[in-house]
Number of protein chains: 2
Amino acid sequence: MSDTSHRRERLRERTVTEIKELARAQLVAAGPASISLRAIARDMGMTAAALYRYFPALDALVIDLCTDLYGELRQACEAARDALGPGADAVPRLVAMARELRRWALDHRAEATLIFGPPLPGVEQFHELCVDLEHAGARFGVIFIEPMTELWRDGRLPALGHVDLAHLDRALPNLPDLPVEVAAVFLTSWTRLYGVLAAELFDQLSWTGVDTEPLFEAEIAFFSAQVKPPSVAR
Amino acid sequence: MSDTSHRRERLRERTVTEIKELARAQLVAAGPASISLRAIARDMGMTAAALYRYFPALDALVIDLCTDLYGELRQACEAARDALGPGADAVPRLVAMARELRRWALDHRAEATLIFGPPLPGVEQFHELCVDLEHAGARFGVIFIEPMTELWRDGRLPALGHVDLAHLDRALPNLPDLPVEVAAVFLTSWTRLYGVLAAELFDQLSWTGVDTEPLFEAEIAFFSAQVKPPSVAR
DNA sequence: CAGCTGAGTGAACGGTGTTTACTTTCGCGG
DNA sequence: CCGCGAAAGTAAACACCGTTCACTCAGCTG
């Protein structure tokens, strides 16, 4: 009964996994625009039409892939954070996550381009649906917000004089208890890291011939220097 | 002889212009990935094969389009800068250009996505060829470098303590006389502006529900505050 | 006027997503 | 154990796409 139907369900899930694996292989091989149902089906020894039993359209597959990638990236960052040990300060935790973010993105350029680049046609909804906190993209963002909130609670977060806090009162509506100061620090820090990373991923700085790693580290150092040191225990 | 051949040449150039106009119309209508030779030919009442008399491949058309767009953006920024009058200080000039950059990008989202987003397959060479200073992308970057060099000459540029200058000595190889301090300020300032803009263009912040304009203005204000005021004349 | 050159055509090749109707497979309930 | 029904997969078709090739045709040149 349910055992046997579980068998079929598991077979189905295995097929879905295979589809997504092959889709990712294509993504890695030739970029986000080259994910092709027909090529996946060819690799599986199937017809393209058969894939419609598993995904209603190519867009849905890509969106699923984005969700998986965000999850993978988030777990990688969490692992880097947790490797510091249980009592680690919020600043090293943030630094470790930021560095892991860059490492993962450069180790998986195609995947990073997919989730951090312009949404493919038909995938626009993915980023828009992020409003839900359960959305993989939002869950990823939250792991950076959490240590910043901790810093704020401990009074270690600096006032960003140049950010107009008045316009941020409606930010992060799904985190209603988030102080605007935390929102300001998170948003500016995030866009700065994102700027270096996106410029790197999208070849925007190749004409300068510069090594971008120091630029990324500079933003990390700049953030760290802004935060007050932890109050010495005892 | 040359008169008549000039006629032909002008006719040819008019056709090239029409092709690029229609390509841009498609870009605006449906995004960078939707530029299609066949659709352009259809709009022109021609066959797709005929377009190969004007461009060796679709990639070449897109690259030409990118060049035009960079030129258009640069001229828009230069116009905003020059509107300040001949004796304007370098900081307001930079601010005016940065604001015009954002205005243009948001007024031309598809075009901005094409030049600031990940290179389309086959267009990777465009960003790589930027090493040439005559390249449209490099020429755009230089208009931001110039006022910064002026600030440095006047001793108004701050030392960015967090940037590792040692790794920047090989930056901007085509501007060999550029001081590393200018390179450092340019690169960090540019990636910060780019970060806000790209996040905005690529829907990376929609889940926060935030108005990104204050974030962009905050980076402008932050830069301006770092620069020493001009020495009072007389 | 003859001939060459450039513009444009039409058909074809191989690729794409998607839909439709059809067939095969296989687990489940009687 | 067997047949039913649902699920899985197929084949063909449609409408696109970039690109190539052989071809025509008009017009400028010598």
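Reminder, nothing fancy here: chain letters follow the sequence lines and each chain counts from 1. Just so we're clear, the structure is a prediction, and the values are computed from it rather than from any experiment.
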Atom CZ of R10(A) to atom P of dG27(C): distance rounded to whole Å? 13 Å
Judged by nearest nucleotide, the residue sitting upstream toward the 5' end of DNA chain D, A39(B) or T15(A), is T15(A)
Looking at F144(A), I'd like to know if the NZ or CZ of R139(A) sits under 6.0 Å from its six-membered ring centre while staying within 45 degrees of the ring's axis. no
Once hydrogens and angles are ignored, does a donor-acceptor distance under 3.5 Å link the base of dG15(C) to the side chain of R38(A)? no
Within this structure, what is the CG-to-P distance between L58(A) and dG15(C), rounded to whole angstrom? 18 Å
Distance in angstrom units between L61(A) CG and dT18(C) P, rounded: 10 Å
Here the distance between atom C1' of dT16(C) and atom CD1 of I40(A), to the nearest Å, is 12 Å
Looking only at side-chain N and O atoms, does S34(B) offer a donor or acceptor that is under 3.5 Å from a partner on Q26(B)? no
Nearest listed nucleotide, side chain of A49(B), among dT20(D), dT19(D), dG9(D): dT20(D)
Should the side chain of R53(B) and the base of dG8(C) be counted as holding a donor-acceptor pair, with the cut-off at 3.5 Å? yes
Regarding R102(A) and the six-membered ring of F216(A), is the cationic atom NZ or CZ under 6.0 Å from the ring centre and inside 45° of its axis? yes
Would you indicate what T47(B) reaches in the nucleic acid, counting non-hydrogen atoms under 4.0 angstrom: base, sugar-phosphate, or nothing? base
Flag for W104(A)-E111(A): side-chain donor and acceptor within less than 3.5 Å: no
Mind calculating the distance between CZ (R42(B)) and C1' (dT9(C)) to the nearest angstrom? 16 Å
Whether S36(A) contacts dG17(C) is assessed here as follows: a side-chain N or O lying under 4.0 Å from the phosphate OP1 or OP2. Is that the case? yes
Are the side chain of Q204(B) and the backbone of F116(A) linked by a donor-acceptor contact shorter than 3.5 Å? yes
Starting from P on dT19(C), measure out to CZ on F55(A) and report it in whole angstrom. 16 Å
Atom CE of M46(A) and atom P of dT25(C) are separated, to the nearest Å, by 15 Å
Does dA7(C) have OP1 or OP2 under 4.0 Å away from a side-chain N or O of Y52(B)? no
Classify Y54(A) by what it touches in the nucleic acid, base, sugar-phosphate, or nothing, heavy-atom distance under 4.0 Å. sugar-phosphate
Separation of L51(A) atom CG from dT16(C) atom P, in whole Å? 12 Å
Of the listed nucleotides (dG10(C), dG17(C), dC22(C)), which one gets closest to any side-chain atom of L37(A)? dG17(C)
Comparing nearest nucleotides in DNA chain C, the 5'-proximal residue of the pair A57(A), R12(B) is R12(B)
